[in-house]
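Just below is one structure, and these are the notes that go with it.
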Number of protein chains: 2
Amino acid sequence: MSKAKFEEHLRKLGLRLTPERNAVLQEVASLQGHFEPEEVILRLRRKGVNVSRASVYRTLPLLVASGIIEEAIYKDRKTRYEKCAESEHHDHLICTSCGKIIEFVSQPIELLQEEVCRRNRFRPSSHTLEIRGLCDHCTA
Amino acid sequence: MSKAKFEEHLRKLGLRLTPERNAVLQEVASLQGHFEPEEVILRLRRKGVNVSRASVYRTLPLLVASGIIEEAIYKDRKTRYEKCAESEHHDHLICTSCGKIIEFVSQPIELLQEEVCRRNRFRPSSHTLEIRGLCDHCTA
DNA sequence: GTTCATGCAAAAGGTTTGCAGTCAT
DNA sequence: ATGACTGCAAACCTTTTGCATGAAC
């Protein structure tokens, strides 16, 4: 479970798993797909769990560093996260008309990416592939 | 040349090619690689060409819509542009340690992407592939 | 009693917008 | 005249930060 991962990461840095950090972790763990910081704040607030905006913004990077979530997509200029390995890894088709996001996985593309990295003596840690265009619906 | 493209797009919308818009176009055309709005403003200013920040910010989206430049990378939360088809199309390896950006082209990956789109009945207009990690230099 | 955390409110930083004055048609 | 355009400054919005208070070790 991700709590253990988080605790370990925190311990390594001499940091504590406070109620606030735990609340953010739990909330994030319960989410499906992408989410923005503001969403986490809102959902916690709606549940009556009080965690300040600042703490949420301070906690999310810790979760990234713990390998629990990762930055997924940059849209507008908001940071959007998603859980790591939620479904291994996937990329995105983004409809520029209706905003719909289709996830896809392509093993061949992944392999080719690795090859590109090798050729450039580059050690990859993450990647983002976004294809923008029009979805089925909006093509008409 | 891109001026014609821009003029046509503007005409279609009943807009004018003003000196300010032209100045932005010229500056952008003279740039290599990626650039940010602020960079355009600065360079114009240094040349003594006076175009307000607002006008630059208002012109860049017009250039995108004209197909002359495109949004390339989202880093921090700044918009970075690059000229369209400057070198066909390329993707990026981004070193998270030193910020170095390596461009690469992989025709096989492009082809696979097209296939993914077909499978999803998606009509792509642009895409971004960013691989983050450590470059040669920073691996040590 | 240090060190770490929190919340608040202010600051930051890129981008957008309202507005009054100008210019082209 | 009408509609488009500009510059300025203020507004916006997400994210970050300084600071005082408070909890943990």
Side-chain angles (χ1 to χ4, degrees), chain A residues 6-28 34-45 47-66 69-82 99, chain B residues 6-28 34-45 47-66 69-82 99:
Chain A
F6 194 28
E7 280 181 315
E8 194 201 319
H9 179 75
L10 291 174
R11 189 172 35 246
K12 237 186 289 187
L13 297 177
L15 304 178
R16 299 194 273 267
L17 180 56
T18 63
E20 289 82 1
R21 284 178 182 157
N22 192 42
V24 174
L25 169 65
Q26 295 311 320
E27 191 54 44
V28 157
H34 309 114
F35 60 91
E36 301 169 13
E38 216 55 35
E39 212 175 318
V40 176
I41 294 163
L42 218 82
R43 295 175 83 102
L44 286 171
R45 199 152 292 171
K47 287 186 189 161
V49 180
N50 259 23
V51 182
S52 71
R53 184 186 314 292
S55 288
V56 171
Y57 273 103
R58 286 193 270 237
T59 301
L60 291 173
L62 287 173
L63 290 174
V64 171
S66 306
I69 61 177
E70 59 188 322
E71 299 193 356
I73 284 191
Y74 299 91
K75 221 190 153 186
D76 309 307
R77 50 205 57 73
K78 301 184 209 166
T79 307
R80 313 188 93 202
Y81 297 92
E82 71 186 331
Chain B
F6 194 26
E7 279 181 317
E8 195 200 320
H9 178 74
L10 291 174
R11 188 170 37 245
K12 236 185 291 185
L13 297 178
L15 305 179
R16 301 196 274 268
L17 179 57
T18 62
E20 289 82 0
R21 285 178 181 157
N22 192 43
V24 174
L25 169 65
Q26 296 311 320
E27 190 56 43
V28 156
H34 309 113
F35 62 91
E36 301 168 16
E38 216 55 35
E39 212 176 318
V40 176
I41 295 163
L42 217 83
R43 295 175 83 103
L44 286 170
R45 198 153 291 172
K47 286 185 189 163
V49 181
N50 259 24
V51 182
S52 72
R53 183 186 313 291
S55 289
V56 171
Y57 272 103
R58 285 193 271 237
T59 302
L60 291 174
L62 286 173
L63 290 173
V64 171
S66 305
I69 60 176
E70 59 188 324
E71 299 192 355
I73 282 190
Y74 300 90
K75 221 189 151 186
D76 310 308
R77 52 205 56 74
K78 301 184 208 167
T79 309
R80 313 189 91 201
Y81 297 93
E82 71 186 329

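Labels below follow one simple rule: chain letters A, B, ... track the order of the sequence lines, proteins then strands, and each chain is numbered from 1.
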**Request:** State which residues pass side-chain contact (heavy atoms from CB on, under 4.5 Å) with B:Ala65; sequence neighbours excluded, sorted by chain then number.
**Result:** B:His9
Using a 3.5 Å cut-off and no angle test, enumerate the donor-acceptor pairs between side-chain atoms of residues 11-21 of chain A and protein atoms at least two apart in sequence or in another chain.
unit_1, atom_1, unit_2, atom_2, d
A:Thr18, OG1, A:Arg21, N, 3.2
A:Arg21, NH1, A:Arg16, O, 2.7

**Request:** Report the nucleotide, chosen from D:dT15, C:dC4, C:dG7, that has the shortest atom-to-atom distance to any side-chain atom of A:Leu15.
**Result:** C:dC4
**Prompt:** Roughly how many Å is it from NZ in A:Lys78 to P in C:dT15, rounded to a whole number?
**Reply:** 16 Å
**Message:** Counting only side-chain nitrogens and oxygens, does A:Thr18 get under 4.0 Å of the OP1 or OP2 atom of D:dA24?
**Reply:** no
**Item:** Minimum-distance nucleotide to B:Glu20 side chain [options: D:dT6, D:dA4, C:dG14]
**Value:** D:dT6
**Prompt:** For the residue pair A:Glu38 and A:Tyr57, what are the closest heavy atoms and their distance?
**Reply:** OE1-OH, 3.3 Å
**Fill in**
Looking only at D:dA9, D:dT15, D:dT17, the nucleotide nearest the A:Arg58 side chain is D:dT17
**Request:** Select base, sugar-phosphate, or nothing to describe what B:Arg21 touches, counting heavy atoms under 4.0 Å on all strands.
**Result:** sugar-phosphate
**Message:** Could you tell me how far apart B:Tyr81 (OH) and C:dG14 (C1') are, to the nearest whole angstrom?
**Reply:** 11 Å
**Prompt:** Rounding to a whole Å, what distance do you find between A:Arg11:CZ and C:dC4:P?
**Reply:** 16 Å
**Request:** Specify the separation, in whole Å, of atom CG of A:Leu10 and atom C1' of C:dC4.
**Result:** 12 Å
**Item:** Approximate separation, where rounding is to 0.5 Å, of A:Tyr81 OH and A:Glu36 CD
**Value:** 10.5 Å
**Message:** If I take atom CG in residue A:Leu60 and atom P in nucleotide D:dT14, what distance separates them, rounded to the nearest angstrom?
**Reply:** 15 Å
**Item:** Value in whole Å for how far the P atom of D:dT6 lies from CG of B:Asn22
**Value:** 11 Å
**Message:** Check the phosphate of C:dT16 against B:Tyr57, side-chain N and O only, distance under 4.0 Å to OP1 or OP2. Yes or no?
**Reply:** no
**Request:** Starting at atom CZ of A:Arg53, determine the distance to atom C1' of C:dG7, rounded to an integer number of angstrom.
**Result:** 12 Å
**Prompt:** B:Ile41 has an atom CD1; how far is it from atom P of C:dT16, in whole Å?
**Reply:** 11 Å
**Item:** From D:dG7, D:dT17, C:dA24, nucleotide with atom closest to B:Ala54 side chain
**Value:** D:dG7
**Request:** Could you tell me which non-hydrogen atom of B:Thr79 sits nearest to which non-hydrogen atom of B:Pro37, and how far apart they are?
**Result:** O-CD, 3.2 Å
**Prompt:** Taking the side chain of B:Arg16 as heavy atoms from C-beta outward, which of C:dT15, D:dC5, D:dG7 is closest to it?
**Reply:** D:dC5
**Request:** Would you indicate, yes or no, if D:dT6 has its OP1 or OP2 atom less than 4.0 angstrom from a side-chain nitrogen or oxygen of B:Ser52?
**Result:** no
